[in-house]
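Accompanying notes for the structure given below.
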Amino acid sequence: MRMMLTSVDGQRAEPDWATIDRYLDGDVMFWLDIVGPTDDAIDELGRRLHLHPLAVEDSKAFDQRTRVEIYDDHALLIGFGLDEVGQLVEVHSYYGTDFLVTLRHGSAPFLEALAQTTRLQTSLSGDPVIVLYQVASAVCGSYERVFDEIERRLDQLETEIVKRPEAGQLEEISAIHERVADVRRATAPSRSVLGGGHGVAVGMLPGMTSGGTRYIADYFDLVERRASDIDELREHVKAVRDLHVSITSNRQNEVMRQLAYVATIFLPLTFLTGFFGQNFATLVDLQSHDGTFLVFGLGLEIVSVIILLLWLSRRGWR
């Protein structure tokens, strides 16, 4: 487990519980980010911050859905971001007027980058809702880079599929579709939870002001844009998959057409060789001369192929 505390003066350090107590006794807000929290650490955090037992139990379990839970003087907000490789990162945020604690398992570069900004340091000394807004926006903003990479890859796949469709491409498209579906399932509840940025739960956040409401509404606009991006990405994935299926089907039809072309040419040849290959005395006597062989054995087959090719050409077979 690793803890990192960001203070109003921009200092970042790995604190012990005594240091956290000193900040709690002060009047200045701080942000504590905990990576890989253990059950004992969550219990200790709940005791020192006087967190609701239900909220503590939720953070022990993780694997939760996106939601906002308002308690007496604090709130639990659960959201999802994307790490460097596009995997979902579940973030539990405990928010109060004098603290913000984020719990997560694994890497979250969007939070680590935010801790370095002077904008966050300024908000730590001002409206506490702005701190929550910046963290929540960083979580939601983590989708942009991954979505751009997926869009570029889909564009590349379109070009590759037009040139030469392969089975591996369809497997990759299916994998992308599954990733986008996972992101959609994780983020879809955000819209109903926020209620347009003016939901009942959002309005009950501790320390909420009219200025804070504007920030939450701005965050809702960001959530709406991300939801729209996800829908567009799903449509793009579907279009690329349909393109692969269509081109593959057309190529299979072309192969079948060529096979039918060859089979049609050999049809009269098969008939002629089968007819003259019957073991009747008349046919045997008929084929006993070289001239007869050239006329009926070779000439008739060559003529039949030429006639068939002319007929196929008139029918538009190329």
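Keep in mind that this is a model prediction, so the values were computed, not measured.
For the atom pair CD of Glu14 and CE of Met4, the computed distance is 4.5 Å after rounding to the nearest 0.5 Å. Ile70 contributes atom CD1, which lies 6.5 Å from atom CG of Leu77 (distance to the nearest 0.5 angstrom). Separating the CZ atom in Arg65 from the CD1 atom in Ile78 is a distance of 8.0 Å, to the nearest 0.5 Å. Taken to the nearest 0.5 Å, the CD atom of Glu151 stands 5.0 Å off from the CG atom of Leu233. To the nearest 0.5 Å, atom CE of residue Met3 and atom CD1 of residue Ile20 are 4.0 Å apart. Rounded to the nearest 0.5 angstrom, Arg12 CZ and Trp31 CH2 are separated by 7.0 Å.
Residues His92 and Gln64 have side chains in contact (heavy-atom distance under 4.5 Å, counting atoms from C-beta outward). The side-chain heavy atoms of Thr97 and Asp73, taken from C-beta on, include no pair separated by under 4.5 Å. Contact check for Thr248 versus Leu170: no side-chain heavy atoms found under the 4.5 Å cut-off. Between Arg184 and Asp231 there is a side-chain heavy-atom pair separated by less than 4.5 Å. Inter-residue side-chain proximity for Ile173 and Ile161 is flagged as met; some heavy-atom pair is nearer than 4.5 Å. Side chains of Val180 and Phe147 form no contact here, defined as non-hydrogen atoms less than 4.5 Å apart. Looking only at side-chain heavy atoms (C-beta outward), Phe80 and Tyr143 come within less than 4.5 Å of each other. In this structure, the side chains of Asp33 and Thr6 stay at 4.5 Å or more apart for every pair of heavy atoms.
Not counting sequence neighbours, Glu171 has no partner by the side chain to side chain contact (heavy atoms under 4.5 Å, CB included) test. Annotation: side chain to side chain contact (heavy atoms under 4.5 Å, CB included) contacts of Val305 (sequence neighbours excluded): Ile265, Leu269, Leu309. For the side chain to side chain donor-acceptor pair (under 3.5 Å) test, residues two or more places apart in sequence or in another chain that qualify with Asp182 are Arg185. Considering only residues two or more places apart in sequence or on other chains, Arg22 meets the side chain to side chain contact (heavy atoms under 4.5 Å, CB included) condition with Ala18, Thr19. Taking the side chain to side chain donor-acceptor pair (under 3.5 Å) definition, one finds that Ser7 meets it with Asp9, sequence neighbours left out. For Ile42, the side chain to side chain contact (heavy atoms under 4.5 Å, CB included) test picks out Pro37, Val56, Ser59, Lys60, Leu103, with sequence neighbours left out. With sequence neighbours excluded, the residues forming a side chain to side chain donor-acceptor pair (under 3.5 Å) with Glu149 are Arg145, listed by chain and number.
A salt bridge links Arg47 to Glu44: at least one charged side-chain nitrogen sits closer than 4.0 Å to a carboxylate oxygen. Residues Asp229 and Arg226 are paired through a salt bridge, judged by an N-O separation under 4.0 Å between the basic side chain and the carboxylate.
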### Message
What verdict does the side chain to side chain contact (heavy atoms under 4.5 Å, CB included) test give for Asp58 and Arg67, after you've listed the backbone C-alpha separation in whole Å, the side-chain angles of each residue and the deciding distance to 0.1 Å?
### Response
CA-CA 11 Å; Asp58 285 341; Arg67 70 180 192 274; 2.3 Å; yes
### Message
As a quick check of understanding, evaluate side chain to side chain contact (heavy atoms under 4.5 Å, CB included) for Ile247 and Val162, giving each step before the final call.
### Response
CA-CA 7 Å; Ile247 292 181; Val162 170; 4.1 Å; yes
### Audit row: Phe220, Ile216, side chain to side chain contact (heavy atoms under 4.5 Å, CB included) steps and yes/no
CA-CA 6 Å; Phe220 176 78; Ile216 298 300; 5.8 Å; no
### Message
What verdict does the salt bridge (charged side-chain N to carboxylate O under 4.0 Å, His left out) test give for Asp242 and Lys238, after you've listed the backbone C-alpha separation in whole Å, the side-chain angles of each residue and the deciding distance to 0.1 Å?
### Response
CA-CA 6 Å; Asp242 291 345; Lys238 183 177 181 298; 3.2 Å; yes
### Query
Between Arg251 and Val255, does a side chain to side chain contact (heavy atoms under 4.5 Å, CB included) hold up when you go through it step by step?
CA-CA 6 Å; Arg251 295 206 172 190; Val255 171; 5.6 Å; no
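When all heavy atoms of Val89 and His105 are compared, the closest pair comes out as CG1-O, 4.3 Å. The shortest non-hydrogen separation linking Pro165 to His244 is CB-NE2, 4.0 Å. Across Leu45 and Ile34, no two heavy atoms sit closer than the pair CD2-CD1, 4.1 Å. Closest approach of Thr38 to Met1, counting heavy atoms only: N-SD, 3.9 Å. Scanning both residues, His50 and His74, for their nearest heavy atoms gives O-CE1, 3.4 Å. Residues Phe110 and Gly81 share a closest heavy-atom pair of CZ-CA, 4.0 Å.
Hydrophobic clustering (ILVMFWY, side-chain heavy atoms < 4.5 Å, transitive): Val183 and Leu222 are in distinct clusters. Linking Ile, Leu, Val, Met, Phe, Trp and Tyr whenever their side-chain heavy atoms come within less than 4.5 Å puts Leu32 and Leu51 in one cluster. In the hydrophobic clustering of ILVMFWY residues, with side-chain heavy atoms under 4.5 Å counting as a link, Val35 and Phe99 come out apart. Under a hydrophobic-cluster definition in which Ile, Leu, Val, Met, Phe, Trp and Tyr are linked whenever side-chain heavy atoms come within less than 4.5 Å, directly or via other members, Tyr71 and Tyr94 are assigned to the same cluster. Each of Met29 and Tyr23 belongs to its own hydrophobic cluster when Ile, Leu, Val, Met, Phe, Trp and Tyr are linked at side-chain heavy-atom distances under 4.5 angstrom.
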Tabulate below the donor-acceptor pairs under 3.5 Å that side-chain atoms of residues 127-142 make, not counting sequence neighbours, or state none.
| residue | atom | partner | partner atom | Å |
| --- | --- | --- | --- | --- |
| Asp127 | OD1 | Val129 | N | 3.0 |
| Asp127 | OD2 | Thr209 | OG1 | 3.2 |
| Tyr133 | OH | Asp218 | OD2 | 2.6 |
| Gln134 | OE1 | Leu120 | N | 3.4 |
| Gln134 | NE2 | Ser123 | OG | 3.4 |
| Ser137 | OG | Tyr133 | O | 2.8 |
| Ser142 | OG | Leu82 | N | 2.9 |
| Ser142 | OG | Val139 | O | 2.6 |

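Every pair passing side chain to side chain donor-acceptor pair (under 3.5 Å) that includes a residue from residues 78-89 is listed here, sequence neighbours excluded: Glu84-Ser107. Here ring pair (Phe, Tyr, Trp, His ring centres under 6.0 Å) pairs that include residues 160-183, with residues two or more places apart or in two chains, number zero. For residues 157-167, the salt bridge (charged side-chain N to carboxylate O under 4.0 Å, His left out) pairs, not counting sequence neighbours, are Arg153-Glu160, Arg164-Glu166.
Ile307 belongs to a hydrophobic cluster whose other members, connected by ILVMFWY side-chain contacts under 4.5 Å either directly or through intermediates, are Val303.
Heavy atoms of other residues, nucleotides or ligands lying less than 6.0 angstrom from CZ of Phe62 number more than 12. Phe30 CZ: more than 12 foreign heavy atoms inside a 6.0 Å radius. The number of heavy-atom neighbours closer than 6.0 Å to CG of Asp16, taken from other residues, nucleotides and ligands shown, is above 12. The number of heavy atoms from other shown groups lying within 6.0 Å of CE (Met256) does not exceed 12.
Using modelled atom types, one side-chain atom of Tyr95 and one backbone atom of Pro206 make a donor-acceptor pair closer than 3.5 Å.
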